[in-house]
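Please read the structure below before turning to the comments.
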Amino acid sequence: MSDDMTAYRDVFLSESAEYLQAMTEGLLALEAEPNDLEPVETVFRGAHSLKGMAAAMGYTRTQELTHKMESLMDTVRKRVQVADHGLIDLMLRATDTVQTVIDDESGGGDAVDIAPMVAELVARTAGASSAPGPVTHHGAGESARHPSDEDGARYRIRVSIEESCVLKGVRAYMTLKRLSHMGTIIDTTPSAREIEDEQFDRWFEVLFQTTSAPEAVRNAVLAVTEVEDALVERVETAPTAPTVPAETGAAPASPARSVPKLSDTQTVRISISHLDAMVNLVGELVIIRSRLERVARQSGLPDMVDALDALQRVSADLQQEVMQTRMVPVGNIFNRFPRMVRDLARDLGKDVTLITEGLDIELDRTVLDEIGDPIVHLLRNCVDHGIEAPEERQAVGKPTRGTVTLSAEREREQIRITVTDDGRGMDVERIWQAAVARGLADPATRESHSESDILLYVCMPGFSTVDKATRVSGRGVGMDVVKGKIEYLGGSISMRSKRGVGTTVSLVLPLTLAIIQALLIAFGERVYALPLGAVDEVLGLEEVNVTTIDGRWVAELRGGDVVTVQHFDPTEGLSAPGAVAPAAGDHLVLVRSGEETRALIAPSLIGRQEIVIKPLSRLLRGLHGLGGATVLGDGQVALILDPRTLFRTEG
Amino acid sequence: MAEFVSQEARQYVLLRLGAEEYGLPIKRVQSIIRYEEPTPVPRAPSGVEGVVNLRGQVIPLIDLRRLLLGRSIEVTPSSRIVVVDSQTGTVGLAVDTVHEVASIDPASVRPAPVAVLAAETGEAFEGVAQYGDRLVILLDPDKALSGPALGPSQSPGQEDGVDV
């Protein structure tokens, strides 16, 4: 394959994935609202566009399959039959097959047999015509609608390539590609694959539908190097004749709303490794800039200070842009889930709708790639264990259809992802007793455990075996993996549940793993960085009332809240909570960690700074309270305190 | 190591820990920098002195002399940090001095005499080689860095005793 074609293949792959996604969404929408014609159009157009694109690529099996899907959807579109569950199922499975075939064909393979799926689609399409479903009265008028009015005209283009041309296949390919930008390629003679394989003599023919003028089409074709001539001839479109596949293929080529046209996509695909390298380089730039700033301050040269101001602005913008390139809307992965939830619910004989919210919230690609699996897990738990069977729901007066909500929202430098179901909920006391029975919890400490703390016992490895015995259902399965993953990403997990009402699991994750705002604190001669996202307030000792309760040092805040005073030693790490009193001149930094807030003693505050997070070596991973390291302007290393695990030293 | 069968002379960075001379395979040495005071890391494994800044990368520093011989290096102007690639990632090894790069004929390498090596650190050596009139102990960086002193200081989830 030439470079050109490889590039086109990549474009094809990403675009086809978008179309398939749009079709899946359309099918699900149609299932929910079988009389809505809009999703029908979306699916129909998706299949149609895929067919054209596949033809241009010479992916004949994809082309044939999508063609049959298009024909089937056409019967729905014309109200010859209704989109019942069987049809939706078939179309969803066909969508999966298309993906498999695309993977196969784009990899040059020949392994996937589409015949069975094609047969099913044809049978269903034919079944519709022989035994029509409920046809509405205006259905007939709809089917007689002449498509070419709004779709432009149809042309037969005969393209001849110069005799001296060495790369006929490539030129032909470029021609098809160019045409696909202007309209829809309906058919070619010989087939697109044969054309690409140079199995033609001097010329080939394209059946083409477009709204562009014939001269424009001709000029576009002639603009391809080594094209000798192009004959463009208008073809009259026959009135719709459903038995001839090529004719039903005359789809409205009006610009699709939900699926972008090939030429409209103003994006480049770039490998993650390039982005990572850019982020690292920008990180270095930020460090060098702070170093220069120090030098400038010491030297006191006004010109240099000015120049540095400019550098500061430019590098801040650059950094923002680079970070932005890595941000991806959560919709990219959330959109996969409605289908998954639907299939799972059907398998289990349940009726579940998934509502997704906050799809446009953006998250660093590295974070997003990692959270897909944990979310799948949480959703499975909801459908499998949370939502009751329809009869059971009815018996307790709930709507038979269960609802699972997956939402994303932004909170400062973090993102909160919540999975909520309206199912049977979990029994906090039962879980607590099970934890005690397994020796995981000390019965005497019941009072100091929050509801979320107790529910999180289901995240302990193997806890679910206990669940079964106590009929709290297998909600623990795999939750240890979920919790581990979230914590590995520097996030935290919390749970809420009410018996009979439902369960909510919240994941709080950092937006990005690379650059953050931090408060620099000096403990003796050691500087530590504390992510600003977790800092609620910085207080002077005179602003609070420091006292002891039960021998523990606490600070009473102005609002009346009482928080534990926390001492940190740069060599020893965290002291026991409330064990050490603040000294004169210290500040108290209110740090939030999960549900808890403590007043961290800060002997000396250096200030707020943007820092680049450097991961710690594997030798140092897993140390509680440390989230990485950063290099300060003077080249010194500062360790980053991780608020999420900072206070986790208690048994 | 697999390439050990090659009959070609292999190159080693020779360094000194106290009176003894050691060799590290040059292929594994990323760079050699002047010694700098590490930033200590609370509750790090006992073998890790802290972290240092290697051109923007933060790497752990291990005192090789303390790791192998139980006594810390004495910091002098000739102290160096040898940056090596190991299975546990890039690490810095603090040594008393680095003095030359030597080609050592694999044929001259003998197994290290077990009796002279502490059982705990014996694993770390590829063998002993004759170089000129000196004996050089050849180190396997991966094995040298997999000892218990570099394991987790406390296994996660089992911390206790701080609760009041």
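The CG atom of A:Asp569 sits 10.5 Å away from the CZ atom of B:Arg43 when rounded to the nearest 0.5 Å. Note that CD1 of B:Ile59 is 11.0 Å distant from CG of A:Leu619, once rounded to the nearest 0.5 Å. With values rounded to the nearest 0.5 angstrom, A:Gln636 atom CD is found 10.0 Å from B:Asn53 atom CG.
Residue contact with chain A, scored on non-hydrogen atoms closer than 4.5 Å, involves the side chain of B:Val48 exclusively. Proximity to chain B (any heavy atom under 4.5 Å) is restricted, for A:Tyr528, to the side chain, taken from C-beta onward.
Under the 3.5 Å distance criterion, the side-chain polar atoms of A:Arg526 are left unmatched by any main-chain donor or acceptor of B:Val41.
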Using the rule given for side chain to side chain contact (heavy atoms under 4.5 Å, CB included), can you reason through B:Thr39 versus A:Val527, listing the C-alpha separation, both sets of side-chain angles and the distance that settles it, and then say yes or no? CA-CA 9 Å; B:Thr39 302; A:Val527 177; over 6 Å; no
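For the residue pair B:Val52 and A:Val637, the shortest heavy atom distance occurs at C-CG2, 3.8 Å. Taking every heavy atom of both residues into account, A:Leu620 and B:Pro45 meet most closely at CD2-CD, 3.9 Å.
For the options B:Val58, B:Ile62, B:Thr90, B:Leu145, heavy-atom pairs under 4.5 Å to chain A are most numerous at B:Val58. Ranked by non-hydrogen atom pairs under 4.5 Å with chain A, the options B:Pro60, B:Gly89, B:Pro38 are led by B:Pro60.
The neighbour count for B:Arg134 CZ, taken as heavy atoms of other residues, nucleotides or ligands under 6.0 Å away, is above 12.
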